[in-house]
Amino acid sequence: MDVVVVESPAKAKTINKYLGSGYTVLASFGHVRDLPPKDGSVRPDEDFAMDWQSEGRSEKRIAEIAQALKGAKRLILATDPDREGEAISWHVREMLKSRKLLENVDVKRVVFNEITRSAVLDAMRNPRELDHSLIEAYLARRALDYLVGFTLSPVLWRKLPGARSAGRVQSVALRLVCEREAEIEAFKSREYWTIDADFRDPNGTMVTARLTHLKGRKLDKFDLPTREAAEAAVAEIERQGFAVVEVERKQVRRHPPPPFTTSTLQQEASRKLGFGASHTMRIAQRLYEGVDIGGETVGLITYMRTDSVQLSQEAIQGARRQIRGDYGAEYLPEQPRVYKSPAKNAQEAHEAVRPTDFSRRPQDVADHLDPDQRRLYELVWKRAMASEMESATLDQVAIDIASPGRETVFRATGSVILFDGFLRLYHEDEDDPAESEDERRLPNLNRGDAMARQATRPEQHFTQPPPRYTEASLVKRLEELGIGRPSTYASILQVLQDRSYVKLEKKRFIPEDRGRLVTAFLASFFERYVEYGFTAALEERLDDISGARIDWKTVLREFWQDFSAAVAGTKDLKVRDVLDKLDADLGPHFFPERVDGSDPRVCPGCGTGRLGLKLGRHGAFIGCANYPDCKFTRPLAVMDGSGDAAAGLIEARELGVDPATGKKVTLRQGPYGPYVQLGDAPPKPEGPKKRRKKGEEAGPEPEKPKRASLPKKMTPDEVDLQKALGLLSLPRLVGKHPETDQDILAGIGRFGPYLKHAGVFKSLPADDDVLTVGINRAVDLLAQAGKGRQRPPGKELGPHPEDRKPVTLHQGRYGPYVAHGKVYASLPRGMNENEVTLERALPLLAARVEAKGGARKGRARAAAADGETASAARPAAKSRSGKSRTKKPADAEAAEKPAPKRRAVNE
């Protein structure tokens, strides 16, 4: 009996079927150990010695492998065919070796690019040893990510409160987003005009052309800058006659794009399908691991983490057979297309992303896939097929229509597809397509043909700033710069959003102010380490390690020598120095020039102070230089050119008096946005706070004024006394539920307006007003919430032995699952729900409970294990007992806390 180790249980199940009873196939469930998220896990002073840590769940997997190895002759490591897969195999071997479980066991490594019977069996016939160059490349990357995260992040926390973390690649990606935003803000739009005219040819056909020459001179883009200039040009045109003076025709061939790499798959899935990078990779993983087709689990695509565009000869021949059969011989080029990888060192895998079998057309497997899987498989299939099809042939025509003497010239352009070639199957999208005339067919004109001018249309335009990055265009830019690798792009984009450094609006990245502060800090004090060229050069050095061209510890020593010196140089850096530098760099962003020419830095509170960046316990804000005499502050937000806050920043103003209490109602600006307040806050006691003596009773707490935040749809300008009193009355009673006779309340919580009834919350849709929603609408919305929360009826399997509560089997939207109380466990793929008994359900539920328990530890580890975007945990501190303890990063602490219950502002 031989033991085979793969990464996922789905993959294990499929491969077990291929190999038969002579093999035991087990899953490692990804990495089995990692660097502990604490200071000292990588020790440069000890020649970069590294400590490794495994969790309970990983220990269980290793124990299962160890048990299976008893009496086995071979351990076959069959993890993914990339650097991370090689590392997982190495970790498994090292953990087993350290426990003396590999004596008399032959350890081999096999790789396959697709999960099909032929590929797996062929790999098993050709085992090899572990690739130590790939392992060392992994160790170097992991050490670098750890050292950057655990060394640089504490500097951020000390010098820039509110910052989350820094990473070797994530910080560079963040800089790209911030610099693009700065370009947009600095952009000054320019007006320009174009002139189009309609002409009728001798046969009565209309042709539209654009003005290119006026008064014998070729027009540049801004030669018609105003309406007056455009109207003068129109007047000049209308005095002249026109004829065809030049006809240019040429045929061009458009070649198909190569098959997908990881990055181009993410880009095209974003453009065509609207998928995020992480979602694309999740769907691709499922297609790679296999789906059940005709009773057999088959992988539909090859390995999806690759920067190669090459296809195997077998795949090329399969594509050509399918092209000939589906589209005919005219769509098949004489010679197969062979693509060369544009990446300098394509080492992630050996082949492009393609279907494992071209004869499995998308429509043939659609019934076995969910909608997202079907769409992504269709995209991969069409792209790979098109890459081997004949080129398209287009006929391009340009016609010049001019006045006598060619004083005024118009040009009409068009193209006609003579042979569609690969375009019959696939057309590649662009992120931000440039303005171009529609492809149109032009009439057959000859030089000298008279053209009767009809309408002349001047059109106003304004230059546009560069577009913000989409997920697709940011991945493309990172790849162009040589930063990051295929397996890391999705995690880079996700970490930037998780850290609240950027937000994704309308599928475009916008940097948050926190992200701009971090970028400005790193660019000011660690400029070299966020330079694009330095990061790309370091990537090349890491690729040299994987190619066995350089020693991995040499790369680490060279990096650490300069990096540690740069960090040490910030030891004596004062917060005031940081503020001055950031204030100078980000001043134009937070204080743009005003339309009236007044100083945007003048404090509106005292009228004499200068506004600038300040740092507080919870991060940066804007405050007055006259503090403490002037206590004016406002959150970090950009003021518009008139001096008003683009984010709704306002000065406190009185709205009126509450008739019920006689207290004044005011509209104010808080750190989280505008709000209304009833009454005044109690004055703070002067002098130092007196400590209460032992046995002395505490005095009454001063009553705090009631406050209510404005809903997102409500602007400060539309708030009057009536609306303010309505907000202050929240949560309000909407009425009694007709079925339960219990109260229905409407209020505003941290997640927005909501309804509450019998412990059930329902968010109010954007079209409903929390102040006016009625009982009928509320009952209807709560009924929808009830449907979403109600567990579908299921089959009772029997009582749980621990608490005697029923264990039930249900059919959910994602497949069958078993439930016990609040624990839900999906049935493994291949398990027939009709065969599920209580005895089979109990282990599934127990595994789910264990997985949920290990998730908390996993989150803390994930904070320092984001691959290329590793964030750091805080360094070890000393407890009162003198023992070393580790403080978790803020992100890990927040992840471990249960989500707070939704409540209204004044609850």
Side-chain heavy atoms of Ile15 within contact of Phe112, under 4.5 Å: yes

Heavy-atom closest contact (Ala548 atom, Ser133 atom, distance): CB-OG, 3.2 Å

Straight-line distance of Glu540 CD to Thr535 OG1, nearest 0.5 Å: 11.5 Å

Rounded distance (nearest 0.5 Å) linking atom CE of Met124 with atom CD1 of Ile76: 3.5 Å

Counterpart residues, salt bridge (Lys or Arg N to Asp or Glu O under 4.0 Å), relative to Asp367 (two or more places apart): none

Within-4.5 Å side-chain heavy-atom neighbours: Arg360 and Tyr377: yes

Glu351-Ser312 side chain donor-acceptor pair, cut-off 3.5 Å: yes

Verdict with reasoning, Lys11 to Asp80, per side-chain contact (heavy atoms from CB on, under 4.5 Å): CA-CA 10 Å; Lys11 191 173 172 183; Asp80 288 341; 2.7 Å; yes

Atom of Asp51, atom of Gly40 and distance for their closest heavy-atom approach: OD2-O, 3.9 Å

Check: Val291 and Arg286 side chains under 4.5 Å, non-hydrogen atoms: no

pair Leu144-Leu538: side-chain heavy atoms closer than 4.5 Å: yes

Sole residue of Ile115, Thr116, Asp357, Leu369 in side-chain contact (heavy atoms from CB on, under 4.5 Å) with Leu300: Leu369

Heavy-atom pair of closest approach, residues Met304 and Thr262: O-OG1, 2.7 Å

Side-chain ion pair, Glu59 and Arg99, N-O less than 4.0 Å: yes

Where at least one partner belongs to residues 124-139, residue pairs that pass salt bridge (charged side-chain N to carboxylate O under 4.0 Å, His left out), sequence neighbours excluded: Glu86-Arg128, Lys108-Glu129, Asp122-Arg125

Spatial distance of atom CG (Leu838) from atom NE2 (His800) [nearest 0.5 Å]: 8.0 Å

His279 and Phe275 aromatic ring geometry - parallel, tilted or perpendicular at 30°/60° bounds: perpendicular

Exercise: identify the closest heavy-atom pair between Ala536 and Ile483: N-CG1, 4.2 Å

Arg74 side chain reached by Tyr23 side chain, heavy atoms, under 4.5 Å: yes

Atom of Asp47, atom of Arg557 and distance for their closest heavy-atom approach: OD1-NH2, 3.0 Å

Interatomic distance, Ile62 atom CD1 to Met95 atom CE [nearest 0.5 angstrom]: 4.5 Å

Parallel, tilted or perpendicular: rings of Tyr817 and Tyr824 (30°, 60°): perpendicular

Donor-acceptor side-chain pairing of Glu289 and Ser8 below 3.5 angstrom: yes

Cation-pi check, Arg33 onto Trp90 ring (under 6.0 Å, within 45° of axis): yes

With sequence neighbours excluded, residues passing side-chain hydrogen bond (donor to acceptor under 3.5 Å, both in side chains) with Arg840: none

Interatomic distance, Leu101 atom CG to Gln67 atom CD [nearest 0.5 angstrom]: 10.5 Å

Salt bridge (Lys or Arg N to Asp or Glu O under 4.0 Å) between Asp34 and Arg142, worked out: CA-CA 9 Å; Asp34 199 1; Arg142 194 69 195 89; 3.1 Å; yes

Beyond-backbone contact of Pro37 with Gln53, side-chain heavy atoms, under 4.5 angstrom: yes

Check against salt bridge (Lys or Arg N to Asp or Glu O under 4.0 Å), Arg375 and Asp370: CA-CA 9 Å; Arg375 296 171 70 200; Asp370 66 35; over 6 Å; no

Under 3.5 Å side-chain donor-acceptor pair for Glu479 and Ser263: yes

Closest approach of Ile283 to Gln373 (non-hydrogen atoms, all atoms of both residues): CG2-CA, 3.7 Å

Geometric class of the Tyr138/His91 ring pair [parallel <30°, tilted 30-60°, perpendicular >60°]: perpendicular

Salt bridge (Lys or Arg N to Asp or Glu O under 4.0 Å) between Glu84 and Arg305, worked out: CA-CA 10 Å; Glu84 288 296 311; Arg305 293 186 181 93; over 6 Å; no

Pairwise side-chain contact, Ser28 with Arg61, heavy-atom cut-off 4.5 Å (strictly under): no

Lys/Arg-Asp/Glu bridge criterion (N-O < 4.0 Å) met for Asp292, Lys13: no

Residue among Thr14, Val4, Val110, Leu19 satisfying side-chain contact (heavy atoms from CB on, under 4.5 Å) with Val120: Leu19

Step-by-step salt bridge (Lys or Arg N to Asp or Glu O under 4.0 Å) determination, Glu55 to Lys60: CA-CA 9 Å; Glu55 294 180 350; Lys60 183 177 179 181; over 6 Å; no

Side-chain touch Val818/Val836, heavy atoms, less than 4.5 angstrom: yes

CG on Leu797 to NE2 on His820, rounded to 0.5 Å: 11.5 Å

